[in-house]
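Within every chain, numbering begins at 1; the chains are lettered A, B, ... in the order of the sequence lines, protein sequences first and strands thereafter. Because only heavy atoms are used, hydrogens play no part in the values below, and waters and symmetry mates are left out as well, while side chains stay in.
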Amino acid sequence: MEYNFREVEKYWQAYWAKNKTFRAEDNSTKPKYYVLDMFPYPSGAGLHVGHPLGYIASDIFARYKRLKGFNVLHPMGYDSFGLPAEQYAIQTGQHPEITTKTNIARYREQLDKIGFSFDWDREVRTSNPDYYKWTQWIFIQLFNSWYNPETNKAENISTLIPKLKGFDALTEKEQSDLLLEHRLAYLSDTMVNWCPQLGTVLANEEVKDGVSERGGYPVERKLMKQWSLRITAYADRLLTDLEGLDWTESIKEAQRNWIGKSEGTSLSFRVENSDDHIEVFTTRPDTIFGVSFVTLAPEHELVSKLTSPQQKNAVEEYITFAKNRSERERMADVKKITGVFTGGYVLHPFTGKQIPIWLGDYVLAGYGTGAVMAVPGHDSRDYAFAKHFDLPIIEVVAGGDLSKESYDAKEGKLINSDFLNGMEVKAAVKKAIAAIEEKGLGKGKTNFRLRDAIFGRQRYWGEPIPVYYENGIPKVLDEKELPLVLPEVDKYLPTETGEPPLARASSSWRKDGKFEYEYSTMPGWAGSSWYFLRYIDAHNEKEFVSKQAVNYWQNVDLYIGGAEHATGHLLYIRFWTKFLNDLGLIPVTEPAKKLINQGMIQGVSSFVYRVGTSNKYVSYGLKKDYETTPIHVDVNIVNNNVLDIEAFKTWREENKNAAFILEDGKYICGSEVEKMSKSKWNVVSPDLIVEQQGADCLRLYEMFLGPLEQSKPWSTSGISGVSNFIRKLWRLYHNGDAFAVTNDAPTQAELKVLHKTIKKIAYDIENFSFNTSVSNFMICVNELTDLKCNKREILEPLAIIIAPYAPHIVEELWHKLGHTASITYATFPECNETYLVETAFSYPVSFNGKTRFFQEYDLSLSKEAIEKEVLSLEQTQKYLEGKTPKKIIVVHNKIVNIVV
RNA sequence: GCGGAUGUGGCGUAAUUGGCAGCCGCGCCAGACUUAGGAUCUGGUGCCGAGAGGCGUGGGGGUUCGAGUCCCUUCAUCCGCACCA
C-alpha cells in the first residue's frame, strides 16, 4: 500500500484542530519560547509559495522547541488594514471589510492545509475593533507623553508643565500649541510626501525613488497639518540598543544608516548689516578657515530677508523652479548643479571677512538647519558647486590636489588656518569646537537623519485617530470611549472639498454629537507596531496586555520575516516597545531577541511578444525579426516555456482571435526572474503542490531549496526527489501493505546511523540550517533501507526527529507504533556519543598535499607509530621515488601528509 | 559614493570550521522489469585525456606540510541607503 498523504494529512489536521494540540499554556512551569512570524497582509492574490518559506522554518523551530520541553507560543494573525482592499473598494464599491474577511478566509484555508502548529485561539486582526481599540489606546498614551531628556525616558505630559515658564498665563489654545511641541504624538505643519493619485500622505519609507511603494504613483512635497510620532526622541536608543540584538548585520546596518547619527557642531554666522544669524551644522569645524560661501536651502526662512534688491528676481525665479521640481526629478539628476546668489553676505566668525550667501537645492531644508558652511576644498558637493559657479576654493588641509577634486579625507595637517595651523585633523576638530564654544558661536551637537514619522493618512481603511476638535484644539478621547469605530461612508474617496473619506460619515458621527473627529486614519504600520504583545493576551478586554502575561512571555525569542521591513516596521515596533517600557507597562525594551530574514522566493515570469499593436504574437526565437512588445502571460498556462495556445485564447477576452507565429509548431515564451506578484502573472500558489504531493512534501521541498536566508526563483524541478523520500520513509516502516516494525534489538550499525542523524539534525535546527537537515534525513533513510532496518528502537526516535519537518506522516506512523498521544509532545531524542565512536580510520596518505592512497589504522595508534607504518608501506616507497621525505605530518583522525 | 551580501559540476546545493572538493537531490547516460510508462529498481555521471595522468571552488598574488575556508588585491552580480553638510 502506497502512502496516502491526502487522507492522512486531512485526518491529522482535523485532529490537531479539534484537540487544540498547539495551544500555548499561560500558566506553565515549563520554560517559555516565543516564535513569531511577520503576519501577512491578506491580499486578494492569496498565499503564494514565498509566504510559507518563513512560516515553515518558524514552524519547524516551534515544533522542535516543543519536543525539547518548552511551552511554545506560536501564533498567527493578519495585518488587515491597508491600501489594496481600499483601492479595490474604490473600484467596486465593496466595503473593504468584506474583501478583507474573504481574503482572510482564503489565507486561513491555505495555511491550514500546510499543517502549521499555530495556536489559532490567539489570532489577531488589526482591523478588528477589539484589536484597534488598543492601537488607539497606545496612541492616546503617546499623545499624553513627552520625552524627558534628563531621565532619557517618556513621561506623562504632566511632569513637563511645571518646567514650562508662564504656562498658566497662556490661553487654552496657546497651551495646547505649546504642549504639541513636546507630545510624542503631535499635530504640526510639516513637509509631507503627498501622493495625489492615492490621495494621501506617505511616510518616507513608503516612498521609493520618488514614487509610492504601493502602486508606483508620483509623490510630491507639500506643507500640511499632520499628525506625527516623535520617533526622533528615541533615535539614540534605537541606535545603541541594536548592539545587543541577535539580528543580521545587514538589518542592523540598514537601521544605523536610516537613523544616520552624525556628530558635529552648530555654528552661527552673523548676517552683514543685520542682527540675523545663519546657523549651520558641520561635522568638520576644523575646516572653518576654508569657508568661501554659505549655502541655504531654497526653503530657508531668512531667504527673502537677506536677498538684495538686484538679486530679487533671480532668487524668486530659482525658488519657484526648486519648488516645482518633484522629488523624483530632483533625485534623478543629483549630478545637475543648480543655485543662485542672494546678494547677501555673512561675516566669518574668526576673520570677519565677507562671505557670500547662495541658495542651492543640494542643501536639504529638512536636515540640520537647512544651511551649510561651504568648504569647497574639502567637501565634494561644495567643490562641485564652487567649480560650477566659479567660487573660490581654499585649501586648509594638506594632502590633496584641489585642481582635480576636493580632499575629503579626515587626515592631514591644517594649513592657512590661523590658530589651527600645523595640527592634525582630529586635534583641530577638538580645538575648533572649543574655540567656537568659547566665543559663544555654537556648540557640539549630534544630528540624526531620522525624521519624525508622519502618522496621518487621508484614507478610509485604517484605525481612526482617537482625537476630536473642540474650538480648534485637538483633544484625545477618554479610554472609556474606545474603540472609536470606523464609521460607514457612501464612497471611499476624498470629499469634493478635498477632505479625507471619513468626512463623508453622517453628521451624527460627532463626539458628544457636536465635536468633529479627526478625519485622518492611522498608517498601515500602526497595528503591526505592537501586535507581538497582543498575542500574549489576545482576549483581554481590560488591558492591551496583562502584566502577568507579559511578565511570563516577555518578548519574541525568534522572529522570522522578510528583510524589506528593515527600516519600516522593524524600526516602529522597536520604538513602540521602548515607549511602552518607559511607561512601565511592559518589562522589555526590544520586541525580538533574534531575527531571521528569509529570502524572497522570486517568480519566473513568462512573456509573449506582441507584434506592433496587432493581435499577432511571435514566438521567442523569432522575435528579433519583428518590432515587439513583451507582455506578461499567466505562468499557469505555460509549460516548460511552451504556451498552451488554446488556454491563452480563453485567458482573456481580447485574445480570442489572437494569431501566432510559431517555431517548430510551438509557441515558445520568454522568461525572466522577477518579484512574485499578481500583476506579473507569475504567482504560484502552494495549493496545487499540497494537493498533488502533500503538505509534508511542500514543507520538505521548500526547506530543501537552499539556505533559508537566500533568495531564489521558484522552480519545482527537484520536487520528485523529496516526494520519493517520503515514500521511502513510509516503506521503511512497512513490508508491502503491512505495518512491520519489530521489537528486535538494533545492531550497532543501525544505532550508529540513528545517533549520527540525531546529532546532525539537532545541530542543524539550532543553526537554522534546514536545507541540510532534509538531506541528512535522506541519507539516514537510504542507509536504514540498505540495512533493512525495521526496529522500533530506531524507527521511533527517527519519527520524532522528522516530526518538525513532516508532521503529518510521522503522526500517522507514531500512532501506528501504538502511541495514543500526539507526537507533538514526545521528547526529542538525545544523541548517545558512544554509538558514534570509531575504532579505526582510513587515513588519506598524501604527498605534497596530493592524496595518493588510503590506509586504515587503529585510532589508538600514536602519530609516531602511524608515521613508521606509513613509511614502511610499499606504496609509499613507490611515490617517494627513492627520495627521503623532508617532513611527515600526521594529524590524528584526519590525514597523513608526506613532504618530499 | 557609502554600507551589506554572494560567486563551487549542466542545475539547486554540501563540505565536521584550515585536512580526501562536489554530500543530498534534480537532470543526464546505461541496464533491468515491462501490455512503451511523465512508474519502479540497479549502476554511472566535475572537466580534459584512449590511458597513465593532469586540471579544477570568479581572476591574480600571499601565508601554510596542506586553502573553497585565513590575508592582500581585483572583477562580476544582487540588495539597502544616498546631495545628510
Side-chain angles (χ1 to χ4, degrees), chain A residues 205 208-209 248-258 260-262 264 267 280-284 287 294-295 297 330-331 333-338 360-364 366-375 378-382 384-385 408 447-451 563-564 566-567 597 599-600 602 673 700-701 704-707 709-713 715-722 724-725 727 759-760 763 769 771-782 842-854 885-900:
Chain A
E205 46 287 328
K208 293 257 143 60
D209 300 322
T248 59
E249 198 45 45
S250 70
I251 294 278
K252 289 201 213 177
E253 200 54 36
Q255 294 211 345
R256 283 187 202 111
N257 279 339
W258 193 260
K261 183 175 182 168
S262 77
L267 175 57
V280 303
F281 173 77
T282 179
T283 56
R284 295 294 304 275
T287 61
V294 160
T295 318
R330 223 173 59 89
M331 284 174 167
D333 43 39
V334 162
K335 292 270 135 56
K336 193 172 151 194
I337 294 154
T338 69
D361 72 354
Y362 80 96
V363 178
L364 305 174
Y367 183 75
T369 58
V372 301
M373 59 175 224
V375 184
H378 306 284
D379 180 287
S380 53
R381 295 148 306 173
D382 296 341
F385 196 84
D408 296 12
N447 252 338
F448 293 95
R449 203 193 70 100
L450 184 71
R451 300 271 70 97
E564 67 273 18
T567 54
N597 303 112
M600 200 177 8
Q602 293 138 317
V673 173
L700 286 166
Y701 183 61
F704 190 58
L705 280 175
E709 299 88 340
Q710 226 165 73
S711 287
K712 48 231 153 193
S715 149
T716 51
S717 62
I719 203 162
S720 61
V722 172
N724 282 343
F725 161 74
R727 270 176 288 176
K759 189 178 177 179
K760 280 188 168 150
Y763 178 86
S769 178
N771 55 325
T772 53
S773 358
V774 179
S775 88
N776 279 319
F777 288 138
M778 290 175 175
I779 295 169
C780 177
V781 168
N782 286 346
S842 179
Y843 284 89
V845 180
S846 57
F847 292 77
N848 291 336
K850 277 192 168 56
T851 306
R852 296 298 179 178
F853 61 88
F854 293 86
K886 281 189 196 140
K887 199 172 173 186
I888 301 173
I889 289 118
V890 178
V891 184
H892 187 250
N893 207 6
K894 287 260 163 36
I895 203 167
V896 177
N897 190 19
I898 299 170
V899 188
V900 185

Lys712(A) NZ: over 12 foreign heavy atoms closer than 6.0 Å
yes

Looking for any heavy atom pair under 4.0 Å, which part of the strands does Asn776(A) touch: base, sugar-phosphate only, or nothing?
nothing

Val899(A) vs Asn848(A), side-chain contact (heavy atoms from CB on, under 4.5 Å): CA-CA, chis, key distance, verdict:
CA-CA 5 Å; Val899(A) 188; Asn848(A) 291 336; 3.7 Å; yes

Give the nucleotide from the list G25(B), G80(B), C65(B) with an atom nearest to the side chain of Asn257(A).
G80(B)

G56(B) pairs with which nucleotide, Watson-Crick or G-U wobble, both distances below 3.5 Å?
none

Among C20(B), G66(B), G25(B), which nucleotide has an atom closest to any side-chain atom of Asn897(A)?
G66(B)

Mind checking if Phe385(A) touches a base, just sugar-phosphate, or nothing, with heavy atoms under 4.0 Å?
nothing

Nearest-nucleotide pick for Lys850(A), side chain only, options being C55(B), C20(B), A85(B)
C55(B)

Remember a base hit wins even if backbone is also touched, and classify Gln710(A) as base, sugar-phosphate or nothing at under 4.0 Å, heavy atoms.
sugar-phosphate

For atom NZ of Lys759(A) and atom P of U16(B), their distance in whole Å:
13 Å

Thr772(A), nearest nucleotide to its side chain (from C55(B), A15(B), G19(B)):
A15(B)

Looking at Tyr843(A), I'd like to know whether one of its side-chain N or O atoms comes within less than 4.0 Å of OP1 or OP2 on C20(B).
no

Taking the minimum atom-to-atom distance to the side chain of Ile779(A), which one of C65(B), G19(B), C24(B) wins?
C24(B)

Ser846(A) side-chain N/O to Arg852(A) backbone N/O, donor-acceptor pair under 3.5 Å
no

With a 4.0 Å cut-off on heavy atoms, is Asn771(A) in touch with a base, just the backbone sugar-phosphate, or nothing at all?
sugar-phosphate

Taking the nucleotide of RNA chain B with the closest heavy atom to each, which residue, Arg284(A) or Glu249(A), is nearer the 5' end?
Glu249(A)

Heavy-atom check, side chain of Gln255(A) versus side chain of Lys252(A), under 4.5 Å
no

Need the glycosidic conformation of U17(B): syn if within 90° of 0, anti if not. Which one?
syn

Out of G25(B), A14(B), G19(B), which has the shortest distance to the side chain of Ile895(A)?
G19(B)

Under 4.0 angstrom, heavy atoms only, what part of the nucleic acid is Ser720(A) near: base, sugar-phosphate, or nothing?
sugar-phosphate

Taking G56(B) as the reference, what is the distance to G4(B) when you measure between their C1' atoms (whole Å, please)?
30 Å

For nucleotides G38(B) and C28(B), find the distance between their C1' atoms and express it as a whole number of Å.
16 Å

Quick check for you: among U40(B), C26(B), U17(B), whose closest atom lies nearest to any side-chain atom of Arg727(A)?
U40(B)

Lys712(A) NZ - A14(B) C1' separation (whole Å):
14 Å

Nucleotide C83(B), atom C1' - distance to CG of Leu364(A) in whole Å
6 Å

What nucleic acid atoms does Ile889(A) come within less than 4.0 Å of, heavy atoms only: base, sugar-phosphate, or nothing?
base

Does a nitrogen or oxygen in the side chain of Ser262(A) sit under 4.0 Å from OP1 or OP2 of A85(B)?
yes

Complement of G51(B), any strand, by Watson-Crick or G-U distances under 3.5 angstrom:
none

Watson-Crick or G-U counterpart of A5(B), or none if no pair lies under 3.5 Å:
U77(B)

CG (Leu450(A)) and CG (Asn257(A)) are apart, to the nearest 0.5 Å, by 12.0 Å

Work out how far the P atom of A21(B) is from that of A67(B), and round it to whole angstrom.
10 Å

Judged by atom type as modelled, is there a donor-acceptor pair below 3.5 Å linking the side chain of Tyr843(A) to the main-chain atoms of Phe854(A)?
no

Paired to U64(B) by Watson-Crick or G-U wobble criteria (both distances under 3.5 Å) is none

Distance between P atoms of A76(B) and G59(B) (Å, rounded)
15 Å

Using Watson-Crick or G-U wobble geometry with both distances below 3.5 Å, tell me the partner of A14(B), or none.
none

How many Å lie between CD on Glu709(A) and P on G7(B), as a whole number?
12 Å

Atom CG of Asp379(A) and atom P of C83(B) are separated, to the nearest Å, by 13 Å

Between Lys261(A) (NZ) and A82(B) (P), how many Å, whole number?
20 Å

Closer to the 5' end of RNA chain B via nearest nucleotide, is it Gly368(A) or Lys887(A)?
Lys887(A)

Ignoring hydrogens and geometry, is there a side-chain-to-backbone donor-acceptor pair from Asp382(A) to Val375(A) under 3.5 Å?
yes

Without swapping roles, check the side chain of Asn447(A) against the backbone of Tyr367(A) for a donor-acceptor pair under 3.5 Å.
no

Identify which nucleotide among C65(B), C20(B), A85(B) has an atom closest to any side-chain atom of Val372(A), counting heavy atoms from C-beta outward.
A85(B)

Do Leu705(A) and Gln710(A) come close enough that some side-chain heavy atom pair is under 4.5 Å?
no

Could you measure between the two C1' atoms, the one in C72(B) and the one in C24(B), and give it in whole Å?
36 Å

Whole angstrom is fine here: how far is it from CG in Asn597(A) over to C1' in U6(B)?
16 Å

What is the nucleic acid contact for Asn782(A), judged by heavy atoms within less than 4.0 Å: base, sugar-phosphate only, or nothing?
sugar-phosphate

Pairing partner (Watson-Crick or G-U wobble, both distances under 3.5 angstrom) of C28(B):
G44(B)

What distance, rounded to whole Å, do you find between the two P atoms, one in C29(B) and one in U34(B)?
23 Å

What's the closest nucleotide to the Arg449(A) side chain, out of G19(B), C81(B), G12(B)?
C81(B)

Check the distance between C24(B)'s P and Phe777(A)'s CZ and give it to me in whole angstrom.
16 Å

Regarding Val891(A), tell me which of base, sugar-phosphate or nothing describes its non-hydrogen contacts under 4.0 Å with the strands shown.
base

Roughly how many Å apart are G12(B) and U63(B), using the C1' atom of each and rounding to a whole number?
34 Å

Determine the interatomic distance between P on U6(B) and the same-named atom on U69(B); round to the nearest Å.
14 Å

Just by modelled atom types, is the Asn897(A) backbone N or O under 3.5 Å from a matching donor or acceptor in the Lys887(A) side chain?
no

What is the pairing partner of A21(B), taking Watson-Crick or G-U wobble pairs with both distances under 3.5 Å in any strand?
none

Of the options C81(B), G27(B), A14(B), whose atoms approach the side-chain atoms of Pro707(A) most closely?
A14(B)

Within 90° of 0 counts as syn, otherwise anti: where does G80(B) fall?
anti

